[in-house]
Amino acid sequence: MDIVIYLVGAVAFFALVMASIALHEIGHLVPGKRFDVKTTQYFVGFGRTLWSRRRGETEYGFKLVPLGGYVRFVGMFPPAKDQPGKLRQYSTGPFRALADNARAAEWQDIRREDEGRLFYQKKSWQKLIIMASGPTMNILLAFVIFLGVAMTYGVYRSQPVVNRVQECIVATNDADRSCSGKPPTPAAQAGLRKGDRIVGFNSQAVADWNEISTLIRANLDQPVVVTVERDGQRLVLPQVNTVITGVSDRYDPAKRVAAGFLGVEPVVKRERGGPVAAIGDMWLMTKQTAVALIDFPVKVYYTAYNLVTGEPRDIYGPMSIVGASRAAGEIAATDQIAAADKVASLFTVLASVNLFVGLFNFVPLLPLDGGHMAGALYEGVRRGWARLFRRPDPGYVDTARMLPVAYVVGGIILLSGVVLILADILDPIRLF
């Protein structure tokens with residue numbers, strides 16, 4: 001029965017991710033149609049076509065490999081300036097030849113009646129909207145899901161109330177967890193008790209646990225005076241010094257950083273919230289995603305290295321859609337959390353995936369949407385500058401010249417995907 005639940009959870013999550021990808025492509029399709037760009041294909045998946053239906057000039061369908069999707073706009077690359085609409089008969093190098101061949105392939109599908117409907121001919125702001133609408137759709141989906149979870153079920157949040165005071169300082173690698181012969185924690189020295197509400201830290205008022213945690217981390221081994229509310233009274237506790245310890249970085253949990261340590265554990269409570277809470281959660285996750293994107297190539301390398309050498313996999317490392325689906329299956333099948341928690345956790349993971357996909361596609365490199373957006377922005381600025389100083393129109397930006405970058409970036413993405421899928425099959429990250 002557990003296997004069945006696991007498979008149902010994994011398949012259902014995978015289907016929801018593919019639905020998110022389909023909506024991402026609709027984000028491109030709708031403004032493309034609205035701005036009258038010739039659109040020949042809308043597909044979910046890659047490879048051999050499983051099913052399709054043509055409506056007007058556009059073919060809609062599904063393909064064999066369900067790991068993405070695309071919308072094909074005709075005329076992504078402008079013609080060569082010296083031979084509009086034709087393949088150049090000479091080349092100044094392999095990179096130029098690559099651009100010219102891609103341009104020629106585009107122009108095989110262009111007819112005389114398509115004049116004015118080609119993607120490159122659209123206004124810069126229209127191209128920007130078309131390309132930005134896909135990842136924006138994922139970010140909106142993430143917000144809607146985060147908001148739905150926060151409003152209906154709630155999110156577990158640490159409160160500025162003491163749940164437990166650690167009596168002594170025990171090293172992480174110390175097998176003896178008793179307090180015999182070990183120094184007391186700063187919290188124990190200050191006289192903090194279970195149920196105390198922390199309202200001040202070094203005369204600075206605090207309202208939530210995130211503030212308190214940030215101040216404790218930054219305090220390192222400096223003096224601190226904690227103010228608490230206890231039994232309806234406000235008490236200023238004796239001054240102590242926090243101690244330095246190693247903790248997980250907030251934006252990259254795989255890294256250990258030096259931080260202050262007080263020795264208290266907060267009360268954790270499930271709270272419902274609205275748009276402000278959802279945006280706050282998304283903002284924290286956005287900063288974490290930005291760090292993850294910067295470290296992504298290095299983390300994929302170490303994932304491959306660990307897979308080959310048999311070293312333990314980093315539990316905070318990246319995973320593919322296969323790994324995310326396996327994790328969803330584990331959440332669905334476990335008996336360690338309640339059914340409502342499972343549903344909330346699955347949708348939270350789905351929101352996280354959408355946020356990552358949206359932010360990833362804003363990276364300003366081809367073949368990602370951000371690369372086309374960067375081209376549209378550059379074109380708009382360049383033409384606006386020319387108008388401002390009454391200079392000749394510089395024309396369209398030739399994004400075909402960036403195809404070598406697109407192939408390199410696309411190759412890195414493909415290789416990373418293969419590595420992560422293999423790792424998620426052979427050495428998956430296990431949650432339970």
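Counting heavy atoms from C-beta on, the side chains of V228 and L192 come closer than 4.5 Å. Side-chain contact check for N361 versus F356: every heavy-atom pair is 4.5 Å or farther apart. Between Q336 and T334, some side-chain heavy-atom pair lies under the 4.5 Å cut-off. With contacts defined as side-chain heavy-atom distances shorter than 4.5 Å, the pair L23/L141 qualifies. The shortest side-chain heavy-atom distance between T348 and L350 does not fall under the 4.5 Å cut-off.
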Problem set entry | salt bridge (charged side-chain N to carboxylate O under 4.0 Å, His left out) assessment of D398 paired with R401 | CA-CA 6 Å; D398 189 2; R401 295 189 178 186; 3.6 Å; yes

Problem set entry | Test salt bridge (charged side-chain N to carboxylate O under 4.0 Å, His left out) applied to D393 and R382, step by step | CA-CA 9 Å; D393 185 350; R382 191 174 68 161; over 6 Å; no

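A salt bridge is defined here as a Lys NZ or Arg NE, NH1 or NH2 lying under 4.0 Å from an Asp or Glu carboxylate O, and K127 with E379 meets this definition.
Residues passing the ring pair (Phe, Tyr, Trp, His ring centres under 6.0 Å) test with H28, sequence neighbours excluded: H24.
When atom types are taken as modelled, the side chain of Q166 and the backbone of R164 share no donor-acceptor pair closer than 3.5 angstrom.
Shown here is F347, whose CZ atom has no more than 12 heavy atoms of other residues, nucleotides or ligands within 6.0 Å. No more than 12 heavy atoms of other residues, nucleotides or ligands shown are found within 6.0 angstrom of OH on Y305. Around atom CZ of R34, no more than 12 heavy atoms belonging to other residues, nucleotides or ligands sit under 6.0 Å away.
Nearest heavy atom pair, residue T399 against residue L366, reads O-CD1, 3.8 Å. Between A332 and I5, the shortest heavy-atom contact is O-CG2, 3.2 Å.
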Would you be so kind as to tabulate the donor-acceptor pairs closer than 3.5 Å made by side chains of residues 9-22, with sequence neighbours excluded?
unit_1, atom_1, unit_2, atom_2, d
S20, OG, L16, O, 3.0
S20, OG, N354, OD1, 3.4
S20, OG, N354, ND2, 3.1

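Judged by the 6.0 Å distance and 45° axis criteria, K63 is positioned over the aromatic ring of F43.
The distance between the ring centers of Y60 and W51 does not fall below 6.0 angstrom.
Side chains of T214 and R250: a donor-acceptor N/O pair is present below 3.5 angstrom, by distance only. For the residue pair Y70 / Q41, a side-chain donor-acceptor distance below 3.5 Å is found, with atom types taken as modelled.
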